[in-house]
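Atom set for the values below is all heavy atoms of this structure, side chains included, hydrogens, waters and symmetry mates excluded.
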Amino acid sequence: MDAAAPGLLAPDVLDRADVRAGLAEHDFAAAFTLFKKWGGLSQNRIASACRLTPGKVSTIISGSQRVTSFDVVCRIADGLRIPGGLLGLAPRPWEGTPTAPARGSRCPAGRRRDPVAA
């Protein structure tokens, strides 16, 4: 996606307290479920946007698997256009105005990562 492309999620979905809590805790089972409920996204649409398989999204939503890979968190942020600050990441390259970045946070390709975060 380029910098001008809109995200799949409406801003009001990302403004919801339950969505923000799920994102802040990296609870993608809750976040994906809420994206389906409030954003109208299918599991296939989430999978495609985040470069995951639909089966992987299904196992995440069911709680059978958690997202622990930093690269996958970044793919979710970029694919769904979730501002970095909501996930404890540095502002994403496509963000027009940065959200408050997490202390020392960076994603792959030279962006720093918080050494304390697991």
Side-chain angles (χ1 to χ4, degrees):
M1 289 184 175
D2 64 31
L8 294 176
L9 296 167
D12 62 315
V13 174
L14 292 174
D15 287 340
R16 293 182 54 85
D18 51 357
V19 170
R20 286 179 173 255
L23 294 173
E25 297 168 10
H26 289 192
D27 181 353
F28 291 103
F32 287 174
T33 299
L34 293 167
F35 295 160
K36 288 173 56 179
K37 180 176 183 176
W38 300 114
L41 298 183
S42 67
Q43 288 183 199
N44 287 340
R45 189 79 189 252
I46 293 168
S48 176
C50 301
R51 294 181 294 145
L52 299 169
T53 65
K56 178 69 78 178
V57 172
S58 179
T59 61
I60 292 168
I61 289 172
S62 72
S64 300
Q65 189 165 17
R66 293 188 50 87
V67 175
T68 58
S69 166
F70 190 69
D71 290 336
V72 174
V73 173
C74 290
R75 287 198 333 243
I76 292 168
D78 294 338
L80 296 174
R81 293 293 180 130
I82 300 168
L86 296 180
L87 288 162
L89 304 174
R92 310 307 300 141
W94 48 263
E95 288 185 60
T97 53
T99 57
R103 181 192 73 226
S105 177
R106 282 199 190 194
C107 275
R111 292 177 184 85
R112 277 189 340 207
R113 180 178 170 201
D114 188 341
V116 181

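The side-chain hydrogen bond (donor to acceptor under 3.5 Å, both in side chains) check on Lys37 picks up nothing, with sequence neighbours excluded. Evaluation of the side-chain hydrogen bond (donor to acceptor under 3.5 Å, both in side chains) rule for Thr59 yields Gln65 as partners, not counting sequence neighbours. Among residues two or more places apart in sequence or in another chain, the side-chain hydrogen bond (donor to acceptor under 3.5 Å, both in side chains) test is passed with Ser69 by none.
The backbone N or O of Cys50 sits less than 3.5 Å from a side-chain atom of Arg75, completing a donor-acceptor pair. Counting only distance, with no hydrogens or angles, the side chain of Ser58 and the backbone of Pro54 share no donor-acceptor pair below 3.5 Å.
From Leu80, atom CG reaches atom CG of Leu87 across 9.5 Å, with rounding to the nearest 0.5 Å. Summarising the geometry, atom CG belonging to Leu52 is positioned 11.5 Å from atom CG belonging to Asn44; distances are rounded to the nearest 0.5 Å. Distance check: Ile76 CD1 to Asp71 CG gives 11.0 Å after rounding to the nearest 0.5 Å.
Applying the salt bridge (charged side-chain N to carboxylate O under 4.0 Å, His left out) test to pairs two or more places apart or on separate chains, those with a residue in residues 11-23 are Asp15-Arg20, Arg16-Asp18. Residue pairs that meet the salt bridge (charged side-chain N to carboxylate O under 4.0 Å, His left out) test with at least one member in residues 38-66, sequence neighbours left out, do not exist here.
Looking at every heavy atom in both residues, Ala29 comes nearest to Ile61 through CB-O, 3.8 Å. Scanning both residues, Arg92 and Ile82, for their nearest heavy atoms gives CG-O, 4.0 Å. Taking every heavy atom of both residues into account, Val13 and Trp38 meet most closely at CG2-O, 3.5 Å.
Between Arg81 and Leu8 the shortest side-chain heavy-atom distance does not fall below 4.5 Å. Between Val57 and Phe28 there is no side-chain heavy-atom pair separated by less than 4.5 Å.
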Inset, instruction - Start with the C-alpha gap between Val19 and Phe35, add the side-chain angles, then the distance that decides, and say whether side chain to side chain contact (heavy atoms under 4.5 Å, CB included) holds. - result: CA-CA 8 Å; Val19 170; Phe35 295 160; 3.7 Å; yes
